[in-house]
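Working notes, beginning with the structure itself.
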Protein chains: 2
Amino acid sequence: MPSKEVPEIVIGRLPIYLRALTYMGQAGQRITSSQELGETLGMSSAQIRKDLSHFGEFGKQGMGYEISYLRDQLRRILHLERTWPVALVGYGDLGHALANYNGFVAESFEIVAVFDNNPDKIGQEVAGKKVQDSAKLSKVVRERGIKVAIVAVPVAAAQKVVDMLVEAGVKAILNYAPIHVSVPAGIRIQYIDPIAHLQRMMFHLE
Amino acid sequence: MPSKEVPEIVIGRLPIYLRALTYMGQAGQRITSSQELGETLGMSSAQIRKDLSHFGEFGKQGMGYEISYLRDQLRRILHLERTWPVALVGYGDLGHALANYNGFVAESFEIVAVFDNNPDKIGQEVAGKKVQDSAKLSKVVRERGIKVAIVAVPVAAAQKVVDMLVEAGVKAILNYAPIHVSVPAGIRIQYIDPIAHLQRMMFHLE
DNA sequence: TAGATTGTTAATCGATTAACAATC
DNA sequence: TAGATTGTTAATCGATTAACAATC
């Protein structure tokens with residue numbers, strides 16, 4: 001039965017389950033089980049059943065889960081039945097790669113605005129969008145009601161950009177700048193930190 | 001005092017501490033405390049002291065930590081006193097951005113070889129390196145003794161590429177392909193999954 | 001029905017926090 | 001010395017796992 005307080009760590013695994021179900025569905029499969037999902041994802045079946053139990057009962061004893069149904073439910077739970085417009089701030093190499101990435105839409109996101117403060121970059125076109133002056137960030141984000149942003153600016157600019165985004169109404173930020181930024185309560189932030197991932201693995205190497 | 005079994009979650013935080021110390025040092029600061037570090041990083045001072053205590057005693061009561069000393073110790077613990085040569089597999093937009101990123105060296109990594117299987121890309125030059133045919137991956141990785149790799153290929157190719165890398169002697173893999181790949185015991189793998197990070201935040205949005 | 005797998009409970013395991021003696 | 005902060009212990013908190021009754 002659904003409970004009030006779902007642990008963040010559980011919510012963080014739902015997109016992983018969703019993706020595995022999508023792949024299975026694309027392969028023409030109709031039914032799966034917690035055991036099969038666990039093997040596919042390298043985790044225990046008990047954990048998958050426990051995680052799902054926070055949100056409802058989606059399977060049938062003896063049968064497992066209907067893939068399309070469970071997938072629909074996870075998309076509903078995660079609010080992925082709509083497409084979220086996203087602002088991208090920072091048009092360096094990384095920003096360029098993100099702006100060109102055409103896999104966002106299938107995952108419920110679409111970069112609708114790109115910002116940079118470098119005059120050489122402002123006005124450049126990427127994937128049908130013109131890079132805009134960061135000075136217009138607040139106005140554009142507010143007018144379009146954008147709630148989600150990706151930050152791909154240098155460390156020195158990250159906190160200021162995040163402050164501007166929050167001020168303009170953004171509620172969820174994906175931050176690629178390798179620094180901790182402060183956000184008010186109620187604003188979500190996630191970090192992408194490949195260097196930290198590489199470095200932690202070196203602990204185990206000679 | 002150092003213990004034998006350091007939790008993975010603790011090891012994962014060391015690069016975060018290291019980076020904060022680097023920034024403090026660059027700003028000319030000489031001493032810090034667990035409290036200041038905690039405020040900088042949005043975590044408790046107790047956790048920082050507890051984490052560090054797995055590896056030794058690095059501070060002085062009443063004084064705190066000497067930044068350059070603690071930084072050196074963390075670099076030693078994480079095996080970051082050397083530069084690790086890295087193989088990059090996949091030269092799409094993301095691979096291009098990674099190959100051009102010039103921040104790796106300061107963090108103890110250097111991309112020394114880039115691979116792709118697309119004839120149009122093979123031979124292109126990037127940051128002083130030629131993109132090589134993936135068919136040469138095993139040979140090059142083995143000959144150069146490369147132990148670290150970054151995988152930025154499509155989902156359909158990821159498991160095969162990882163298998164090749166492991167076979168060629170790679171021990172640590174940073175995987176950008178949005179799929180779980182299996183590796184033998186003793187091989188480290190970390191995932192970079194921006195979509196999953198975005199999606200999990202949408203749970204909290206309307 | 002017989003077999004299989006869920007949803008859930010209770011036990012186990014592990015991580016974080018609070019508190020403080022030690023000590024610089 | 002007096003004040004400050006570490007390193008560590010014990011308590012608390014939270015997550016994972018194992019087991020199984022329920023049931024498709």
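Quick note on labels: first sequence line is chain A, next is B, and so on, each numbered from 1.
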In terms of relative ring orientation, are [X] and [Y] parallel, tilted or perpendicular, with 30° and 60° separating the classes?
| X | Y | value |
| --- | --- | --- |
| A:Tyr69 | A:Phe58 | tilted |
| A:Phe203 | B:Phe55 | perpendicular |
| B:Tyr191 | B:His180 | parallel |

query: Considering every strand shown, what is the Watson-Crick or G-U wobble mate of D:dA11 when both distances are under 3.5 Å?
result: C:dT16
- line: Applying the 3.5 Å cut-off to both distances, the Watson-Crick or G-U partner of C:dT5 turns out to be D:dA22
message: Walk me through whether A:Lys136 and A:Glu143 qualify under salt bridge (charged side-chain N to carboxylate O under 4.0 Å, His left out).
response: CA-CA 11 Å; A:Lys136 295 183 184 151; A:Glu143 282 180 0; over 6 Å; no
Nearest-angstrom distance from the residue atom [atom1] of [X] to [atom2] of [N]:
| X | N | atom1 | atom2 | answer |
| --- | --- | --- | --- | --- |
| B:His54 | C:dG14 | NE2 | P | 12 Å |
| A:Phe55 | C:dG7 | CZ | P | 13 Å |
| A:Tyr69 | C:dT6 | OH | P | 15 Å |
| A:Ile9 | D:dC13 | CD1 | P | 18 Å |
| B:Leu52 | D:dT6 | CG | P | 9 Å |
| A:Gln61 | C:dT5 | CD | C1' | 7 Å |
| A:Met63 | C:dG7 | CE | P | 13 Å |
| B:Glu66 | D:dA4 | CD | P | 21 Å |

query: Going by heavy atoms closer than 4.0 Å, what residues in residues 26-51 of chain A are next to DNA chain C?
result: A:Ser33, A:Ser34, A:Arg49, A:Lys50
- prompt: Would one find a side-chain N or O of A:Arg13 under 4.0 angstrom from OP1 or OP2 of D:dT16?
  reply: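 A:Arg13 to D:dT16 OP1/OP2: side-chain N or O found under 4.0 Å.
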field: Phosphate OP1/OP2 of D:dA4: any B:Tyr65 side-chain N/O under 4.0 Å
entry: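 So the side chain of B:Tyr65 is outside the cut-off, no N or O lying under 4.0 Å from OP1 or OP2 of D:dA4.
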field: Donor-acceptor pair, side chain of A:Ser134 and main chain of A:Asp116, under 3.5 angstrom
entry: yes
message: Can you tell me which residue among B:Val183, B:Val161, B:Ile192, B:Val181 is in a side chain to side chain contact (heavy atoms under 4.5 Å, CB included) with B:Asn175?
response: B:Val181
field: Sole residue of A:Arg76, A:Arg75, A:Arg71 in side-chain hydrogen bond (donor to acceptor under 3.5 Å, both in side chains) with A:Gln73
entry: A:Arg76
